[in-house]
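Just below is one structure, and these are the notes that go with it.
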Amino acid sequence: AQSVAQPEDQVNVAEGNPLTVKCTYSVSGNPYLFWYVQYPNRGLQFLLKYITGDNLVKGSYGFEAEFNKSQTSFHLKKPSALVSDSALYFCAVRDPGYSSASKIIFGSGTRLSIRP
Amino acid sequence: DAGVIQSPRHEVTEMGQEVTLRCKPISGHDYLFWYRQTMMRGLELLIYFNNNVPIDDSGMPEDRFSAKMPNASFSTLKIQPSEPRDSAVYFCASSFATSGTDTQYFGPGTRLTVL
């Protein structure tokens, strides 16, 4: 089975400070991992993904995520937060060895709030 | 590309009425997904299609919900009869699985309010 957990419902960061949004996963094989962002009254937007290769993945809007196989984590990071980064962030996982279908599992979401 | 298109963007209806939500996936994508988002339950996968064929409908809450994909460029999600607890934002997403990465692209959603 495959699952994903986002342990924090909300993360508060001051503008200009680094931010981290946590994600852990559970799969039986090698995972595909994703981060999506949702701004108010909008659909989810793809930020970045890890399929294979370099453990540090760079994505849109200056975000990056680090795949850590030993800790089964895929935390989202940004060196300097902007107020405009305030949104709801979703981590998602797919275990290609578990299913041939394209179904991915989304976490519960973490609300990121950046204060000026 | 215009992205995933959903209509209507907002729907307000009365309990007992039939509601039909529409989705046009990105051209060339072979998977289509319907999700529901509420504050209480978060993002839930309702059903998904591959090449217009339903693959997994285990997330459909009740028989009142049905989904169809008559062709590669159109899908509907129908609720009949609607109930107040169906109030939510419904998202459609599509992906091109043959690319091997399964990135899903979401539409803007339909906000459904059942009075």
Shared hydrophobic cluster for [X] and [Y] (ILVMFWY, side-chain gaps under 4.5 Å):
X: A:Leu33; Y: A:Trp35; value: yes
X: A:Leu47; Y: A:Val13; value: yes
X: B:Val114; Y: B:Phe65; value: yes

Taking atom [atom1] of [X] as the centre, does the number of heavy atoms from other residues, nucleotides or ligands within less than 6.0 Å exceed 12?
X: B:Arg64; atom1: CZ; result: yes
X: B:Glu14; atom1: CD; result: no
X: B:Asn71; atom1: CG; result: yes

What part of A:Gln45 is in contact with chain B, defined as an atom under 4.5 angstrom from a non-hydrogen atom: side chain, backbone, both or neither?
neither
Side-chain touch [X]/[Y], heavy atoms, less than 4.5 angstrom:
X: A:Tyr36; Y: B:Thr103; result: yes
X: A:Leu88; Y: B:Gln37; result: yes
X: B:Gln104; Y: A:Leu44; result: no

Where do B:Arg111 and A:Asn41 land on the side chain to side chain contact (heavy atoms under 4.5 Å, CB included) test, with the steps shown first?
CA-CA 9 Å; B:Arg111 183 175 296 276; A:Asn41 301 313; 3.3 Å; yes
Where does B:Arg9 contact chain A at under 4.5 Å (heavy atoms): side chain, backbone, both or neither?
side chain
Taking the six-membered ring for Trp, is the centroid-to-centroid distance between A:Phe106 and B:Tyr35 below 6.0 Å?
yes
Roughly how far, to the nearest 0.5 Å, is the CZ atom of B:Phe91 from the CZ atom of A:Arg42?
10.5 Å
